[in-house]
Each structure stands twice: as structure tokens, then as C-alpha cells.
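As C-alpha cells, the structure follows; a few thoughts come after it.
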Amino acid sequence: MTVLQKTAEPAVNAETARSIGLTEEEFERLKKILGRDPNWTELGITSALWSEHCSYKSSKVYLKEFPTAGPHVLQGPGENAGVVDVGHGWVAVFKMESHNHPSFIEPYQGSMTGVGGILRDVFTMGARPIACMDALRFGEIDAPRMRFLIDGVVRGIGGYGNCMGIPTVGGETGFHRCYDGNILVNAFALGIARHDRIFHARASGAGNPVLYVGSRTGRDGIHGATMASESFDKESEQKRPTVQVGDPFTEKVLLEACLEAMRTGAIVAIQDMGAAGLTSSTFEMAGRGGTGLHLDLDQVPLRQPGLTPYEMMLSESQERMVLVAKKGREEEVEKVFRRWGLEVADIGEITTTGRAVLTWHGEMAADVPIQPLTEEAPVYRRPVAEPTDLAARWRAPEVPQPDDPRQALEELLATPEFASKRWIWQQYDHTVRTNTVQGPGGDAAVLLLKGTPSGLAMTCDVNPVYCYFDPRRGGAQAVAEAVRNLACVGAEPVGLTDCLNFGNPERPEISWQFREAVRGISDACRALAVPVISGNVSFYNETEGQSIYPTPAVAMVGVIPNLSNLPNPWFQREGDRIVLLGEDRSEFGGAAYLRLLYDLEQGRPPEVDLDAELRLARLLRGLVARGLIHTAHDLSEGGFLISLAEACFGRRTLGARVEVPLAGADLFSETQGRALVACAPAALDRVLQAAEEAGVPAREIGETGGGELVVKSGGEVLSAPVDRLHEIWSTALPKALGL
Amino acid sequence: MKARVTVYPRREILDPQGKAIRDALTRVGFPGVDDVRAGKSFEISLGTEDLQAADRQLREMCEKLLANTVVEDYSLEILGGAGAQP
Amino acid sequence: MKARVTVYPRREILDPQGKAIRDALTRVGFPGVDDVRAGKSFEISLGTEDLQAADRQLREMCEKLLANTVVEDYSLEILGGAGAQP
Amino acid sequence: MKCGVVVFPGSNCDHDVYHVLKHVLEQEVTFLWHQDDSLQGCELIVLPGGFAYGDYLRAGALAALSPVMGAVKRHAEAGGLVLGICNGFQVLLEAGLLPGAMRRNENLRFQCLDVHLRTERADLPFTRRLKPGQVLRLPIAHAEGNYEDSPARLDALEANGQVVFRYCEPDGRITSESNPNGAARNIAGICNVAGNVLGLMPHPERCSEAVLGNTDGLALFASAVEVGSRHLQAAGAGR
Ligand SMILES: Nc1ncnc2c1ncn2[C@@H]1O[C@H](COP(=O)(O)OP(=O)(O)O)[C@@H](O)[C@H]1O
Ligand SMILES: [Mg+2]
């Protein structure tokens with residue numbers, strides 16, 4: 001068998017293999033699989049498929065620990081996105097994915113194409129996307145380059161979702177110097193579909209045509225998947241031409257055309273071209289289905305002439321899809337795409353050989369077996385080592401008392417970390433599609449499930465400082481906080497997706513962080529009965545050897561059976577009674593109070609009592625279902641006083657007077673498993689009784705009303721006009737950005 | 001001194017706007033148009049009359065602000081005293 | 001034949017983008033800049049080599065599509081055979 | 001009343017408008033494809049929000065040239081009702097059905113928030129259910145809503161009573177703080193001289209159901225539907 005090796009292409013040897021990301025052993029493994037030397041195209045294909053990004057080779061062994069089954073799960077990890085039943089014949093399809101490296105190089109296009117990619121993952125499954133969220137991590141905000149990145153990322157996320165007409169209803173934004181050289185941009189998308197209308201990316205049926213639809217293929221983003229699997233250094237600068245440009249308009253048209261084409265019944269399988277473009281899409285489809293594949297590369301629509309097979313197979317041009325149609329019914333499918341002004345090309349067919357055969361200009365451009373490159377890609381159990389200074393990291397911090405709690409509160413509210421994120425989400429269309437009952441700004445976003453009494457709730461959470469000091473606790477805490485946020489709107493969790501952002505897994509400490517974080521997430525998912533249905537791993541988040549803090553972002557989706565009693569995260573009415581739920585302790589490991597006011601990061605993060613979290617979540621859901629509360633807001637970063645202040649910042653600000661057994665620094669303790677609720681005086685007894693029955697400590701601490709926030713603990717602790725606090729909080733972010 | 005800075009998406013990079021405009025022109029009756037590239041144009045009044053200084057300043061402006069050199073190329077032009085713009 | 005069309009907001013109309021750029025330039029250290037106007041530039045490959053025909057076509061494109069003459073002015077330029085863009 | 005919602009490639013509020021007309025107001029509604037030049041006998045035509053043709057070049061510019069706009073023009077000239085919302089308003093401007101032009105928001109950013117509108121004309125087919133001076137709260141979501149025209153033409157617009165909505169404070173005062181995008185004279189919505197064509201930047205369809213917490217937008221659709229039904233009754237009675 002002779003395959004084409006063009007003279008203009010680099011010679012194939014261990015060294016050139018390494019230059020595109022394959023290790024020597026991997027190169028040998030490939031030669032063994034082929035029984036000969038690969039040509040350059042085959043080498044490129046393999047390097048992409050075996051990149052960390054596509055193969056999950058360093059993470060696979062741990063990801064297996066996730067609980068992935070549950071009564072609602074229709075599709076767990078392994079497809080483009082996970083699928084859960086949300087009742088009334090509907091399913092929710094969702095996933096989260098990172099676009100960190102591209103966004104650091106070019107924030108606008110990088111974040112745009114991140115949103116574009118995750119949306120394709122969702123609509124490829126046959127679901128109409130109805131919501132997006134974005135989890136962002138930036139470095140110190142005063143650096144000009146960081147401001148440029150923040151501005152570009154926010155514009156990009158908005159630019160894509162706004163044009164597509166999909167509301168961005170929530171997210172989170174954090175700032176820490178560990179992201180100075182490596183920001184994180186994680187995009188989440190959720191779609192809905194009827195139960196029996198789900199599509200898969202599993203090829204079948206010898207002789208069925210392989211169709212290419214969407215934008216033409218250019219030279220953009222060649223080897224993006226490999227780039228996402230490397231750390232940053234000066235060389236990355238030179239890889240700039242790999243930047244991909246997003247075209248949300250084409251994607252919008254592609255979305256409509258795909259959903260319409262799916263209704264013809266003539267589509268067997270469909271897959272978007274994401275990382276590693278044509279390679280991963282066709283190989284993964286065939287790999288899952290156990291089929292072979294013949295591609296005629298002369299048929300691939302090109303944006304400019306002269307692309308080589310290597311370039312065609314590795315280009316990451318955006319807004320493209322591959323689908324397998326039923327033989328003889330191509331016309332029906334093609335007609336739909338043409339009507340929407342999109343190009344369709346018949347680029348090959350499904351075979352039974354189990355091989356991918358690529359022809360070009362009448363010659364063989366590549367001929368490789370599929371499964372050994374996909375399902376049987378290398379898997380590594382990398383060395384793991386606990387950090388040697390763990391005991392020192394866990395030493396309990398010395399906690400200074402604030403001179404003036406009011407001043408401490410005001411200072412915290414003015415940090416980018418706690419400041420209102422309105423400046424960000426006001427640039428996102430969050431009301432399009434007329435489903436948004438509660439948009440950004442609360443604990444969880446709430447969407448209508450039109451035609452039913454129910455709603456969908458979603459939230460995204462993680463505390464990287466906790467994860468750095470104790471990745472297992474940090475992982476569990478992220479899940480627990482997400483459950484709590486959902487419970488505050490009365491939602492029962494049905495599944496989660498994650499985006500695990502870590503440093504270089506070849507370093508034993510990073511692998512340890514990863515293993516522990518996955519364990520923590522798994523512990524909490526088991527205890528709280530939340531299956532993991534999809535996710536994404538992003539390694540090599542390092543610059544010049546400086547790793548980010550482990551950041552396993554978690555996005556969770558829940559169902560609210562009935563929207564008629566939905567509480568608010570803010571105080572609604574004067575004279576409502578405020579009840580604090582959960583147990584107060586003095587816990588400051590990794591706490592924001594120490595970090596932001598005293599520049600001190602120290603100690604083991606707060607304990608996560610999963611049983612207590614479960615009891616609290618059940619209680620909150622019960623209170624919402626019975627319509628007993630007007631307000632529910634959980635306590636998280638910053639503790640009691642921050643949450644209390646936030647609850648005063650509704651569309652109309654409203655004060656509160658409370659008396660608590662907390663004083664000084666303890667007002668900012670980050671003990672988990674707590675929430676604030678407010679109810680009409682007449683409902684107070686029932687709220688307290690429900691708490692007692694649920695086994696959740698509860699005490700009435702005061703009432704809402706007036707224009708002041710007054711906290712007493714024996715004597716007066718602080719008193720501040722709410723409008724002033726609100727002013728500080730709401731203007732801090734644009735101020736910090738120099739706007 | 002007045003100058004014009006023109007910024008275009010790099011050749012090898014997708015230009016969705018140019019493509020959309022070309023398609024629209026074809027649709028409304030200009031079938032001969034086979035390529036459109038869409039860029040930005042800035043007319044800048046500089047506080048200097050020194051050609052070299054102007055050139056240096058303009059380049060710096062482009063690198064810093066006017067162009068995103070990751071995805072765009074720029075070109076410079078000094079306009080005749082009166083300003084070439086109609 | 002290749003042509004360049006440049007479209008600018010009309011003089012009498014406020015140009016928020018130009019103003020924002022001028023402010024930004026001043027902030028990052030170009031105090032001498034006293035006016036910036038932000039416009040659009042299109043490079044168009046026409047299917048004709050006839051100068052007059054090209055001019056007619058371009059004018060029509062501008063009136064119909066490329067410029068909104070309520071708030072914008074346009075100007076035309078035929079580019080040398082090689083295309084003047086770098 | 002038979003209503004038509006125009007679908008351009010890139011329209012993304014088409015389903016939202018359809019939903020309000022069909023499920024909230026229980027009217028007959030159909031989608032109209034941008035390449036057709038027939039309106040299928042619809043009496044009310046809505047150009048919905050979105051990014052028609054990607055809004056490349058200028059918002060609404062490419063859409064204004066599509067075949068369906070020829071039919072919409074004829075419909076408008078014959079006195080038929082046309083409502084352009086957000087991107088639909090931009091299309092109406094570009095198509096010359098309404099005067100003026102849109103520029104990018106003054107702060108050059110996409111803005112999604114609730115604004116207040118003062119009703120300047122309550123006698124139009126679209127506003128008859130409102131009271132003069134009535135203040136509405138409606139969401140906006142756009143990057144190009146900065147309405148502009150020459151001072152002389154703006155004066156004419158005012159003199160003709162073509163300004164229908166202005167951005168205002170909750171109590172109805174017209175201030176520059178309440179203007180979210182820099183629009184000339186706080187203009188949020190205008191009509192043609194005859195009053196049968198209305199364009200506005202805010203999205204009434206996003207606040208037309210109690211479950212979304214705000215129903216201030218419903219009056220616009222309900223007014224138009226009421227006018228339409230009277231037409232029908234009148235026509236029926238005449239026969
Ligand atoms: N990047 C973002 N995009 C959209 N919404 C955001 C973003 N960042 C923060 N938000 C919103 O701001 C609110 C506060 O976020 P956060 O403090 O993380 O909430 P919580 O502590 O309840 O998890 C949330 O409603 C969230 O959706
Ligand atoms: Mg919360």
C-alpha cells in the first residue's frame with residue numbers, strides 16, 4: 001500500500017512527530033498500528049486524535065469515577081452533550097466547554113468561537129439551544145492587558161449569543177492573580193428537545209453518504225486541538241495564525257437548517273466540526289459506530305485554493321457540520337440546507353472496513369484503521385504526588401478582627417470579586433426567547449419550560465482558592481454550592497456538567513489536584529444524587545511554568561415543578577421576617593475576607609457536610625413548593641454579611657434589621673450549608689417548624705424594611721444606608737476597569 | 001497633519017462581513033463582483049507636521065489600539081493638507 | 001478591476017466611535033490627536049475592466065447598499081492592478 | 001386577524017412574536033419567508049428582532065434589499081399595518097419606510113436592560129390601548145439603537161407627530177440619564193406620517209405575559225389586533 005507523501009511536506013520521523021505533539025512512544029505505537037511509517041497527513045490526524053484535548057488520555061482513568069447514571073439520565077458522557085429528562089415529554093441537553101487558550105491569544109474571537117462550539121454540541125443532538133452561561137476567570141484587573149482581555153471576552157460571548165438569539169442567563173466571574181497569564185473562558189449551553197427526537201453522532205449503514213455543510217474550509221486554526229494541549233510560552237505567540245474567526249450569523253442559519261433537516265428523517269448521524277475539525281468529526285462518528293469511512297477530499301469546499309489534505313483534515317474553520325444521510329435521500333437534506341443559503345457537499349461514504357480511506361487528486365492521501373486511533377487511543381495513569389507542604393497550607397490562619405465591620409463590608413463590596421457583575425451581563429441578551437423568568441444576578445437563573453407549569457434552573461460554581469488548598473473539598477464544595485443555589489429557587493437537580501481547568505498533568509502535583517477534585521465532585525454527586533452527564537477537561541493552563549489554581553467549574557441544571565411560588569434572591573416586602581438556616585461556625589481557610597482584606601491565603605477550606613447540604617436543599621425546595629417564602633439566598637463566598645447585603649440589592653433596594661450571634665470577623669466566616677430566607681410574619685411559624693422537621697438549624701434574626709442595613713449582636717455591630725452600599729457595589733466593576 | 005489608517009482582516013482569515021456583502025451585491029444585481037473585503041478606515045488629525053514622527057505615531061497607534069494584529073493588517077497613508085475626504 | 005470604497009459618517013453627524021477612539025488614543029499617550037473619524041473601507045473585485053462602467057457600478061452599489069446616505073458619505077478609488085492593499 | 005411574521009436569515013425574535021400573537025392573543029399567525037414577495041393576505045406584518053443577514057455592513061441594510069420587503073412596502077403604502085421591532089425597526093429605516101438612521105449605541109456596547117418609555121401618541125393603530133403620556137417598562141437588547149437624522153428632519157418628525165415613544169424616567173421625565181443609547185431627542189419609536197407603520201427599539205413581545213413578570217408590551221399587539229378585527233367586522237357588515 002502506498003500513501004501519498006508530498007515532497008513539500010516535512011519528513012516523517014520521531015522529531016517531526018514531536019513537533020506536532022506526539023511522543024516517541026506514541027509515534028512507535030502509530031507505526032505498529034499501521035504496520036508501516038505514516039505519511040504526514042496520517043501523522044497529523046493521529047496527533048490531533050491523540051491530543052489531550054480530543055483523547056482525554058490523562059484524565060480518562062479518573063473521570064470513570066463520576067456517577068453518571070440516574071433516573072433522569074438518557075445520555076451520559078460520551079456524546080456531544082448529555083441528555084436528561086425534565087418532564088412533560090421534554091429533555092434538556094447540555095454541556096460546558098473551555099476556550100481558554102484561544103481567548104488568551106485573541107479574546108474576542110476566542111470567546112466567540114467558544115460559544116459557537118458549545119452551541120453546536122447542543123444542536124447536533126437535535127435540541128434547540130435556549131440558554132447559555134459563561135464561567136470566567138481573570139487575573140488582576142488593573143493590568144491594561146487584562147482589561148483588554150476582559151473587554152474582548154465579554155464582547156465575544158455577547159457577540160455570539162446575542163446574534164444567535166440565545167439568552168446568556170447566568171455565569172460567574174472571578175479574579176485572581178493565578179490567572180494573570182492564563183485566563184479561563186468556559187461556555188455552557190443548554191437546549192431542549194422532545195423526548196423521542198434526540199440525534200446521535202454514531203455512523204452506520206454502509207453506502208450512506210457523508211455530507212459536509214456550513215462554512216468553507218480555510219487555513220484557520222490548524223492544530224488548535226494540539227495547541228490547547230500545550231502550556232503557554234513565547235512560542236505560542238508565533239502560533240497566532242491558528243486563531244479562528246467566528247461567524248455567528250452562519251451558525252444561526254446552520255442551527256435552523258440542521259433542526260429542519262433533522263425533521264426530514266433522512267439523517268442517520270450528525271456531528272459538528274469542533275477541535276481537530278474534519279478529523280475528529282468523521283473519525284469519532286465512525287469510531288462510535290464501528291464503521292469505516294471513505295472521504296474524497298477533492299469535494300471538501302475550500303475558502304481558498306491549494307489546501308493540502310493535512311490542512312483540510314486539521315483546519316478548525318468554524319460553523320461546519322458533518323452528517324451521514326440515508327442513501328437515496330440526500331436530496332431532501334440538501335434542499336433544506338440550500339434553502340437556508342448554506343453549502344452542502346457530498347464528501348464520501350460509510351464503509352464496513354473499519355478504516356478511514358482518504359483520497360485526493362486520484363491518490364491515496366491516508367489509509368488508517370479507525371478504532372485504534374479513537375476508541376483505543378493511548379490512556380495514561382500519570383504519576384501523582386501530594387504536595388509536600390500540605391500540612392503547612394492547612395495550618396489554621398490567624399484571623400484579624402475588623403476594626404469596623406461596616407468598612408470591611410464596604411471594602412469587600414468594592415472588590416471586583418464581590419462587585420455586581422451587571423456591567424458584564426448587561427452586554428448579553430438575557431431576555432430573548434421569552435423564557436427568562438430570572439436572569440443573571442440571582443443564585444440560579446430560571447427559565448420557563450413553555451407549555452408546562454415547570455421551569456428549568458441553572459447555575460455555575462467553583463471556588464478555586466478552596467480547590468488549591470484542598471482539591472477534594474473544593475470539588476465537593478462546588479457541587480454543594482450549585483445544589484444550594486438551585487434549591488434557593490426550588491429546583492431539584494437533574495444533572496451536572498463540568499469544565500475541569502488544570503495545569504500540566506505531567507506534573508505529579510497537578511495530577512494529584514485533578515484526581516482529588518474529581519473525587520470531591522464524585523463524593524458530592526453521590527451524596528446529593530446528581531449525575532454527571534457531560535463535561536470537558538482543559539489541561540496545560542500554565543504560562544512559563546506557572547499553573548493556575550485548579551478550577552473545576554461545575555454547571556448544574558434543575559427542574560422547578562411549579563413556577564407559581566418562585567421566591568427572589570432579594571427582599572421583596574417591608575416587614576418580612578428573616579430566618580437564617582444552617583449552623584454557624586468560624587471557618588476561614590481560603591476565605592475571601594482574609595484574601596481580599598489582608599492578602600492572606602491560608603488554611604484548609606470549610607468543611608462540606610453533604611448530609612447537612614442535602615437536608616438544607618430539601619428544606620428550601622419544600623418551602624418554595626409550599627409558597628412559604630418571598631426570598632431565598634444562600635451564603636457562600638464572603639459569608640453572612642455579604643449575603644445579607646446582596647439580599648438588600650433588589651430592583652428596589654430594601655433595608656433590614658437583624659440581631660445575630662455573630663460579631664467581628666465571624667460575620668464573614670464561610671461555613672457552608674447556610675441560607676437566608678424571608679417570609680411574611682404569618683408564615684414564620686410554619687417556616688421554623690419545617691426547618692425543625694427537616695433537621696436544619698433555623699433562627700429568626702430580624703425583619704426587612706427601611707433604608708438601612710442594621711446588624712446587632714448584643715450591641716450594634718454596624719448600620720449603613722443601603723443605597724450607599726448599593727452604589728459602591730453596583731459601580732465598582734466599571735470603575736475597576738477604568739471606565 | 002492628517003492621515004488615513006486602513007485596517008483589513010488578514011488575507012488567510014475568514015471575513016464574514018465581506019462574504020455577506022458580496023452575496024448581497026450578487027443578489028441585488030451585481031453578478032460580476034467576485035470578492036469583497038470589509039475593513040475599517042480611520043481619519044486622524046495628528047498634532048505634528050513631521051512626516052517621520054507621524055509615521056512612528058501612527059504605527060504605534062495601530063499596534064496598540066486601531067488594529068488587532070492577531071487577525072488584522074493595517075496600512076497607512078498621509079493625506080494631502082486639505083484632507084482627501086470629500 | 002479592483003476598487004476601494006470608503007464610507008464615513010457625514011461631517012455634521014456625531015461619530016461616537018471616532019470620539020471614543022480619540023479619547024482612547026489620548027488616554028494611552030497620544031495627546032496630539034485632535035480628531036478621529038471612524039469609517040468603513042471595502043475592497044471590491046469587479047468583473048469589468050472598463051473604468052466608466054466600474055465607476056457607474058460602484059456608485060450604484062454605494063447608493064443601494066454600501067452607504068446609508070442619510071448619515072454617511074462615500075468616496076471611490078480604483079486600485080492599481082495589483083491591488084494596493086499590503 | 002391574520003398576522004405575518006417575516007423571517008430573514010438571522011431573525012431571532014420571530015418565534016417570540018409568533019408566540020405572543022398566537023398563544024397570548026389567539027390570532028392566526030404565519031411566518032413569511034424573506035425570499036417570497038407575497039404576504040399571503042396578512043393584515044398585520046411584523047418585522048421581528050434579530051440580526052438579519054448577520055447585520056453585517058449596517059443593521060438592517062442587507063435585509064432591506066430582500067424580496068419580501070417589496071411586498072411590505074406595497075402593503076404599507078396601501079395603509080396596511082407594519083410593526084418593526086428592534087432589528088425590524090432598523091430594516092424599516094434602511095428600506096426607507098421610516099425616516100432617519102441608526103448608529104451604534106453611544107457607549108459602543110450591546111445593552112440589554114429594562115427601560116421606561118413615554119407614550120407620545122395614543123391614537124395610532126398600535127397605541128390606542130394606551131393613554132397619552134403613559135409610561136411603559138420594556139426591555140431593550142441592541143447595539144445599534146442610537147437614532148439619528150438631520151436637525152431639520154427631526155423637527156419635521158416632531159411637527160408631524162411621528163415620535164411615538166421616548167426613553168424616560170419611571171415618572172415620565174425625559175432626561176439624558178434615561179436615554180440608553182444616545183438616540184436623538186430620546187427617540188425610541190417612530191411612525192410614518194399616516195401612522196400605519198411603527199418602528200421601535202424596545203421589545204414589547206418580551207413583556208406580554210404575566211409569568212415573565214411584566215405585561216406592559218401586550219397593549220401594542222392588542223391594539224393592532226383590535227383595529228384589525230374592526231376592519232374585519234366592518235368588512236363583514238358591509239357584505
Ligand atoms: N460572566 C457572567 N455572565 C453572566 N452572569 C454572570 C457572570 N458573572 C456573574 N454573573 C451573575 O452574577 C450573579 C452572581 O454570581 P455569583 O456571585 O457567582 O453567584 P453565587 O455566589 O450565587 O454563585 C449570578 O446571578 C450570576 O449568574
Ligand atoms: Mg448563591
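Labels below follow one simple rule: chain letters A, B, ... track the order of the sequence lines, proteins then strands, and each chain is numbered from 1.
Looking at L51(C) and M1(C), their side chains come closer than 4.5 Å, going by heavy atoms from C-beta outward. Annotation: side chain of R37(B) is not in contact with side chain of Q17(B) (no heavy-atom distance under 4.5 Å). F42(C) has its side chain out of reach of R4(C): every pair of non-hydrogen atoms, C-beta onward, lies at least 4.5 Å apart. For the pair E63(C)/T69(C), a side-chain contact is recorded, criterion being any heavy-atom separation below 4.5 Å from C-beta on.
Between chain B and the residues V36(C), D35(C), V33(C), the largest count of heavy-atom pairs under 4.5 Å involves D35(C). For chain C, the option among G47(B), S41(B), A38(B) with the highest count of heavy-atom pairs below 4.5 Å is S41(B). Of the listed residues P31(B), G39(B), S45(B), G18(B), the one with more heavy-atom pairs under 4.5 angstrom with chain C than any other is S45(B). Contact tally against chain C (heavy-atom pairs below 4.5 Å) for D34(B), V5(B), L66(B): the top residue is D34(B).
The pair E72(B)-R10(B) does not meet the salt-bridge criterion, since no charged nitrogen lies less than 4.0 angstrom from a carboxylate oxygen.
With a 4.5 angstrom heavy-atom cutoff, I44(B) touches chain C via backbone and side-chain atoms both. Only the side chain of K64(B) has a heavy atom closer than 4.5 Å to any heavy atom of chain C. Residue T6(C) touches chain B through its side chain alone, counting heavy-atom pairs closer than 4.5 Å.
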Next on the checklist: Please evaluate residues K40(B) and Y8(B) with respect to the criterion side-chain contact (heavy atoms from CB on, under 4.5 Å), reporting the C-alpha separation (whole Å), side-chain torsions for both, the decisive distance (0.1 Å), and the verdict.
Outcome noted: CA-CA 7 Å; K40(B) 288 174 270 185; Y8(B) 272 92; over 6 Å; no
